[in-house]
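Here's the structure, in structure tokens; my notes come after.
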Amino acid sequence: MPHIKVRNTELYYHYLGQPGFTKGKVPIFIHGAGGNHRIWEQTLLGLTQSHSPIAIDLPGHGLSQGQGLSNIEDYRDIVKEFMETLGLKKVILAGHSMGGGIVQSFALAYPHFLEGMILIGSGARLRVAPEIIEGLKQAQITGVVPSTTEWAYSPKTPKEIIDKTEQLLSPRKPAIQLGDMLACDKFDAIKSITQLTLPLLVICGRDDKLTPAKYAEFYQKNLPQTNMRIIEDSGHMVMVEKADEMNQAVLNFLKTLN
């Protein structure tokens, strides 16, 4: 699978389609804090027949080299340079949690690159619970990242899905996880996000404790171009908890973009 060099750093991206990204739309999926491309495996499988989806590993994550960054804006600019290196001029940016913050920051700074946006388990403000940040600070000493499974999944999600997903996300790197969470905690686009006029799909799990449904409802109330999909019996990791339903919501949205 391919790597490309951005700012002298080898970045990995997962792509299952034909060379040239010529089939359908080009959605680029950006993982959340401490995540990697593997969280999108079912998403890419579900979209590749009709589109050219890409999942990127941000610097220091997954199979990418380099170090994690300390703010959303720096990640945003890496994504822009990634697109330019691949020669992509019009895409749909899709982001989960922290990735959604990156998408919103990108859309505010570089809207001419985008046909639309997809936000999954994200919000215009991404405050992080103090106990999560404190646990990650302790992990700098112990080397053990505290579990967030009680926050991340619906009580109705089968244990085998949770276990498989946690395996996809391992090994977690305490320093990168902390940096990402601090970046999230600083992100606040509440006042500026209403400037956006791009088509927007917002997906949220009904049982999401980290970014509850009210975060999704904020967009629907403030951005008239919002399509909102609340998925039942799923939490923050909706792309694996309810992969088929999320994929269908994305496919339906992509059909509306001409």
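- H96 and W40 have perpendicular rings, their planes meeting at more than 60° on a 0 to 90° scale where under 30° would count as parallel.
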Can you list, pair by pair, the side-chain donor-acceptor contacts under 3.5 Å of residues 126-135, counting residues two or more places apart and other chains?
unit_1 : atom_1 : unit_2 : atom_2 : d
R127   : NH1    : D185   : O      : 2.7
E134   : OE2    : Q138   : NE2    : 3.4

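- Residues Q248 and N252 bring a donor and an acceptor atom of their side chains to less than 3.5 Å of each other.
- Hydrophobic clustering (ILVMFWY, side-chain heavy atoms < 4.5 Å, transitive): L16 and L168 are in distinct clusters.
- Both L198 and L88 are assigned to one and the same hydrophobic cluster, defined by single-linkage of ILVMFWY side chains at heavy-atom distances under 4.5 Å.
- In this structure, V240 and T43 have side chains that are not in contact, with every pair of non-hydrogen atoms separated by 4.5 Å or more.
- The line from CD1 of I176 to CG of L69 is 9.0 Å long, rounded to the nearest 0.5 Å.
- A heavy-atom distance below 4.5 Å is not found between the side chains of T165 and I162.
- No side-chain heavy atom of L200 sits less than 4.5 Å from a side-chain heavy atom of N227.
- Contact check for F29 versus L93: no side-chain heavy atoms found under the 4.5 Å cut-off.
- Under the salt bridge (Lys or Arg N to Asp or Glu O under 4.0 Å) rule, E81 has a single partner from R7, K5, R76, which is R7.
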Practice task
Start with the C-alpha distance between M237 and L169, add both sets of side-chain angles, then the distance that settles side-chain contact (heavy atoms from CB on, under 4.5 Å), and finish with yes or no.
Solution key: CA-CA 12 Å; M237 308 302 287; L169 292 170; 4.1 Å; yes

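- Atom CG of L210 sits about 6.5 Å away from atom OG of S97, to the nearest 0.5 Å.
- Contact between T22 and Q18 at its shortest, heavy atoms only, is OG1-OE1, 4.3 Å.
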Exercise for the section: Take L63 and H3, measure what side-chain contact (heavy atoms from CB on, under 4.5 Å) needs, and give me the verdict at the end. Expected result: CA-CA 9 Å; L63 299 177; H3 286 78; 4.3 Å; yes

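- Note: T211 OG1 to K209 NZ = 12.5 Å, rounded to the nearest 0.5 Å.
- The local environment of CD in Q167 is sparse, with at most 12 non-hydrogen atoms from other residues, nucleotides or ligands closer than 6.0 Å.
- Between the side chain of Q104 and the backbone N or O of G123 there is at least one donor-acceptor pair closer than 3.5 Å.
- Heavy-atom neighbours of K90 NZ from other residues, nucleotides or ligands within 6.0 Å: above the threshold of 12.
- Side-chain contact, D180 with H61: a donor N or O sits under 3.5 Å from an acceptor N or O.
- Closest of all the heavy-atom pairs between I39 and M239 is O-CG, 3.4 Å.
- Note on I102 and L114: same hydrophobic cluster, where clusters join Ile, Leu, Val, Met, Phe, Trp and Tyr whose side-chain heavy atoms are under 4.5 Å apart, directly or indirectly.
- Between atom CD of residue Q220 and atom CD1 of residue I230 there is a gap of 8.0 Å, rounded to the nearest 0.5 Å.
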Exercise for the section: For the pair S52 and Y15, evaluate side-chain contact (heavy atoms from CB on, under 4.5 Å) and give the outcome as yes or no after the intermediate values. Expected result: CA-CA 8 Å; S52 301; Y15 180 65; 3.7 Å; yes

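- When each of D57, I120, V79 is paired with I30, the side-chain contact (heavy atoms from CB on, under 4.5 Å) condition holds for V79 and for no other.
- Between the K255 side chain and the V250 main chain, no donor and acceptor come within less than 3.5 Å of each other.
- Formation of a donor-acceptor pair under 3.5 Å by the S122 side chain with backbone atoms of L119 is not found in this model.
- Taking the side chain as every heavy atom from C-beta outward, L254 and I92 approach each other to under 4.5 Å.
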Practice task
Show your working on side-chain contact (heavy atoms from CB on, under 4.5 Å) between D233 and K242 and close with a plain yes or no.
Solution key: CA-CA 8 Å; D233 299 336; K242 292 288 181 177; 3.9 Å; yes

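- For the pair A243 and Q42, the tightest heavy-atom approach, listed with the atom from each and the gap, is CB-OE1, 3.3 Å.
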Practice task
Could you check E160 against K164 for salt bridge (Lys or Arg N to Asp or Glu O under 4.0 Å), going step by step and ending with a plain yes or no?
Solution key: CA-CA 6 Å; E160 56 267 27; K164 181 180 179 181; over 6 Å; no

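- Counting only distance, with no hydrogens or angles, the side chain of T226 and the backbone of Y219 share a donor-acceptor pair below 3.5 Å.
- More than 12 heavy atoms of other residues, nucleotides or ligands sit less than 6.0 Å from atom CD of Q225.
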Handout entry: Test salt bridge (Lys or Arg N to Asp or Glu O under 4.0 Å) applied to E41 and R38, step by step
Key = CA-CA 5 Å; E41 287 179 351; R38 297 192 68 193; 3.1 Å; yes

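- Between atom OH of residue Y75 and atom CD1 of residue I56 there is a gap of 11.0 Å, rounded to the nearest 0.5 Å.
- Within a 6.0 Å sphere centred on CD of E10, heavy atoms belonging to other residues, nucleotides or ligands number more than 12.
- Hydrophobic clustering (side-chain heavy atoms under 4.5 Å, transitive across Ile, Leu, Val, Met, Phe, Trp, Tyr) keeps L45 apart from I161.
- Panel note: side chain S154, backbone G235; no donor-acceptor pair is recorded below 3.5 Å.
- For the residue pair D74 and N71, a side-chain donor N or O sits within less than 3.5 Å of a side-chain acceptor on the partner.
- Taking both residues in full, the closest heavy atoms of L47 and P27 are given as CD1-CG, 4.4 Å, listed atom of the first, atom of the second, then distance.
- Linking Ile, Leu, Val, Met, Phe, Trp and Tyr whenever their side-chain heavy atoms come within less than 4.5 Å puts M83 and L108 in one cluster.
- When atom types are taken as modelled, the side chain of K156 and the backbone of D207 share no donor-acceptor pair closer than 3.5 angstrom.
- Side-chain contact of D77 with Y110: a donor-acceptor pair under 3.5 Å is present, judged by distance alone.
- Contact between Y153 and E241 at its shortest, heavy atoms only, is CA-OE2, 3.5 Å.
- Between the side chain of H51 and the backbone N or O of K25 there is at least one donor-acceptor pair closer than 3.5 Å.
- Looking only at side-chain heavy atoms (C-beta outward), L257 and P199 come within less than 4.5 Å of each other.
- Between I72 and K186 there is no side-chain heavy-atom pair separated by less than 4.5 Å.
- Side chains of I231 and C204 form no contact here, defined as non-hydrogen atoms less than 4.5 Å apart.
- Side-chain N or O atoms of Y12 include none that pairs as donor or acceptor with a backbone N or O of L58 at under 3.5 Å.
- The minimum heavy-atom distance linking S64 with P59 is given by the pair CB-CA, 4.3 Å.
- To the nearest 0.5 Å, atom OG1 of residue T48 and atom CD1 of residue I54 are 10.0 Å apart.
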Practice task
Check the pair Y13, H37 against ring pair (Phe, Tyr, Trp, His ring centres under 6.0 Å), reporting the backbone distance first and the verdict last.
Solution key: CA-CA 7 Å; Y13 65 99; H37 73 277; over 10 Å; no

